[in-house]
A.B. asks: 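Sharing a structure, written as structure tokens. Questions coming.
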Amino acid sequence: MAAQIIDGFSIAQNVRAGVGEKVKELQAQGVIPCLAVVLVGENPASISYVTGKEKALAEAGMKSLDIRLPEQTTEEELLQRIDTLNKDSSVHGILVQLPLPQHIDEDRIITAIKPEKDVDGFHPVNVGNMMIGKKSFLPCTPHGVLVLLKTMGIETKGKHVVIVGRSNIVGKPLGILFTRREYNATVTICHTGTKDLSYHTKQADILVAAAGSPGMITADMVKPGAVVIDVGVNRIPDASKKSGFRLCGDVDFEGVKEVASHITPVPKGVGPMTIAMLVFNTLEAAVASIKA
Ligand code: NDP
């Protein structure tokens, strides 16, 4: 039987609607959550992500401060901008869209953002607090994956989760979160140094692909009945599309859906959840600023 398709788009809409209700309560207290969205350069994928994020913030009743800077912006200029935003009490969150141009040190920029405004959850203070289970902003994509599973009623306790990819923004934090007691999963993280990748992927009760390699997870790499979460977003040239490309995940969707019990599509799977969790974190930042 073909897998159940996990409708990330609808689940994300519900999360955003829930946040929107809480925003109304804040508005009644005179607070409008505001996220500064900083984009350096003109990377088409980044422009599209930033536009999607700003639209979602507006729909939830929040403000976004749209800051577009030219490609030649220096590291010092960007640090100066961040310093100003850090000090501005009407700005609750700061998002610097990655990747940055090569001449700018991403780590230096991320570390310059005040942890209380780091709604991406990338600052070492937030990463450290997440690691030891203290309150912190959770990185949006891993958090979105967990909310998807929870909403679908998919049990993680005692399950073997195999994650392909060990980046700081997806694979590693997701692995850490799955080992929290509330999820109680056993985790294997694979990367390009993994020998016999398909041996590992076939052990997975829940398989997460976050490698950035189009269609690399094929049906023969998946245990029948596994839950398959495709984080990958890859742009494939496609002359039949107006944009000249189509999006595809890291999973061979057509083949794997015949083997898996549940599967996320690309698009409309994990992607919308990432945005929804960003909106959620911006609300959290605004609420925390009132209590501070
Ligand atoms: P990175 O390029 O930072 O990391 C990719 C990881 O996958 C690395 O750890 C790499 O291993 C591993 N990897 C790549 N190819 C293979 C392979 N053939 N076998 C085993 N491991 C492999 O990517 P990100 O984590 O930033 O993103 C991953 C994907 O998710 C991309 O397609 C990205 O666009 C997408 N993405 C989607 C989001 C969403 O909202 N849906 C949000 C963020 C990312 P090694 O470390 O050894 O190099």
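Note that the coordinates shown come from a computational prediction; the quantities given were computed from them, not determined experimentally. The first residue of the sequence shown is numbered 1, and numbering continues consecutively from there.
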A.B. asks: Given Leu95, which partner from the list Val38, Leu35, Thr282 fulfils the side chain to side chain contact (heavy atoms under 4.5 Å, CB included) test?
C.D. replies: Leu35
A.B. asks: Give a yes or no on whether the backbone of Asp250 and the side-chain of Asp230 come within a donor-acceptor separation of less than 3.5 Å.
C.D. replies: yes
A.B. asks: Which atom pair, heavy atoms only, marks the closest approach of Thr73 to Leu78?
C.D. replies: CG2-N, 4.1 Å
A.B. asks: With Lys257, which residues qualify under salt bridge (Lys or Arg N to Asp or Glu O under 4.0 Å), at least two apart?
C.D. replies: Glu254
A.B. asks: Please list every donor-acceptor pair under 3.5 Å in which a side-chain atom of residues 211-223 meets a protein atom from a residue at least two apart or in another chain.
C.D. replies:
residue : atom : partner : partner atom : Å
Thr218  : OG1  : Asp220  : OD1          : 2.6
Lys223  : NZ   : Asp205  : OD1          : 2.7

A.B. asks: Do you know the tightest heavy-atom contact between Asp105 and Asp107?
C.D. replies: OD1-N, 3.0 Å
A.B. asks: For residues Ile189 and Gly165, report the shortest heavy-atom separation together with the two atoms involved.
C.D. replies: CG2-O, 3.6 Å
A.B. asks: List the residues meeting side chain to side chain contact (heavy atoms under 4.5 Å, CB included) with Lys134, not counting sequence neighbours, and say none if there are none.
C.D. replies: Asn129, Ile132
A.B. asks: Name all pairs fulfilling the ring-ring contact (aromatic ring centres under 6.0 Å, His included) condition that reach into residues 190-235, sequence neighbours left out, sorted by first residue then second.
C.D. replies: none
A.B. asks: Shortest non-hydrogen contact from Phe137 to Ala285?
C.D. replies: CZ-CB, 3.6 Å
A.B. asks: List the atom of Glu71, the atom of Gly41, and the distance in Å for their closest heavy-atom pair.
C.D. replies: OE1-CA, 3.4 Å
A.B. asks: Suppose we screen for side chain to side chain contact (heavy atoms under 4.5 Å, CB included). Which residues come up paired with Ser46, at least two apart in sequence or across chains?
C.D. replies: Leu39, Asn43, Gln97, Pro99
A.B. asks: Going by atom type alone, with no hydrogens or angles, which donor-acceptor pairs under 3.5 Å involve a side-chain atom of residues 115-123 and a protein atom two or more places apart or on another chain?
C.D. replies:
residue : atom : partner : partner atom : Å
Lys117  : NZ   : Leu85   : O            : 2.9
Lys117  : NZ   : Asn86   : O            : 3.0
Lys117  : NZ   : Asp88   : O            : 2.8
Lys117  : NZ   : Val91   : O            : 2.8
Asp118  : OD1  : Gly121  : N            : 3.4
Asp118  : OD1  : Phe122  : N            : 3.3
Asp118  : OD2  : Phe122  : N            : 3.0
Asp118  : OD2  : His123  : N            : 2.8
Asp118  : OD2  : Asn126  : ND2          : 2.7
His123  : ND1  : Val125  : N            : 2.9
His123  : NE2  : Thr111  : O            : 3.0

A.B. asks: Testing the basics here: between Cys190 and Leu197, what is the closest heavy-atom pair and its distance to 0.1 Å?
C.D. replies: CB-CD1, 3.5 Å
A.B. asks: Name the atoms and distances for all side-chain donor-acceptor pairs under 3.5 Å in residues 20-29, with sequence neighbours left out.
C.D. replies:
residue : atom : partner : partner atom : Å
Glu21   : OE2  : Lys24   : NZ           : 3.2
Gln27   : NE2  : Gly61   : O            : 3.1

A.B. asks: Check ring-ring contact (aromatic ring centres under 6.0 Å, His included) between His143 and all other residues, then give those that pass, not counting sequence neighbours.
C.D. replies: Phe280
A.B. asks: Mind checking what makes salt bridge (Lys or Arg N to Asp or Glu O under 4.0 Å) contact with Glu42, not counting sequence neighbours?
C.D. replies: none
A.B. asks: Sequence neighbours left out, what pairs pass ring-ring contact (aromatic ring centres under 6.0 Å, His included) with at least one residue falling in residues 23-65?
C.D. replies: none
A.B. asks: Would you say the side-chain atoms of Asp66 and Ser64 include a donor-acceptor pair closer than 3.5 Å?
C.D. replies: no
A.B. asks: Would you mind reporting whether Ile6 and Ile11 have side-chain heavy atoms less than 4.5 Å apart?
C.D. replies: yes
A.B. asks: Taking atom CG of Asp238 and atom OG of Ser243, what is their separation to the nearest 0.5 Å?
C.D. replies: 7.5 Å
A.B. asks: Would you say the side-chain atoms of Ser48 pair up with the backbone N or O of Pro44, donor to acceptor, closer than 3.5 Å?
C.D. replies: no
A.B. asks: Is there a side-chain contact between Ile110 and Leu98 in this structure, where contact means two heavy atoms from C-beta onward sitting under 4.5 Å apart?
C.D. replies: yes
A.B. asks: Only counting residues at least two apart or in another chain, list the ones meeting side-chain hydrogen bond (donor to acceptor under 3.5 Å, both in side chains) with Thr201.
C.D. replies: none
A.B. asks: Enumerate donor-acceptor pairs with a distance under 3.5 Å from any side-chain N or O in residues 169-187 to protein atoms, sequence neighbours excluded.
C.D. replies:
residue : atom : partner : partner atom : Å
Lys172  : NZ   : Asn168  : OD1          : 2.8
Thr179  : OG1  : Ile176  : O            : 2.7
Arg180  : NH2  : Met130  : O            : 3.1

A.B. asks: If you measure from the Lys or Arg side-chain nitrogens to the Asp or Glu carboxylate oxygens, is any gap between Arg81 and Glu77 under 4.0 Å?
C.D. replies: no
A.B. asks: Answer with yes or no whether the side chains of His160 and Thr188 bring together a donor and an acceptor at under 3.5 Å.
C.D. replies: yes
A.B. asks: How many angstroms lie between atom CD1 of Ile229 and atom NE2 of His262, to the nearest 0.5 angstrom?
C.D. replies: 9.0 Å
A.B. asks: Determine whether Ile263 and Ile5 make a side-chain contact, defined as any pair of heavy atoms from C-beta on separated by less than 4.5 Å.
C.D. replies: yes
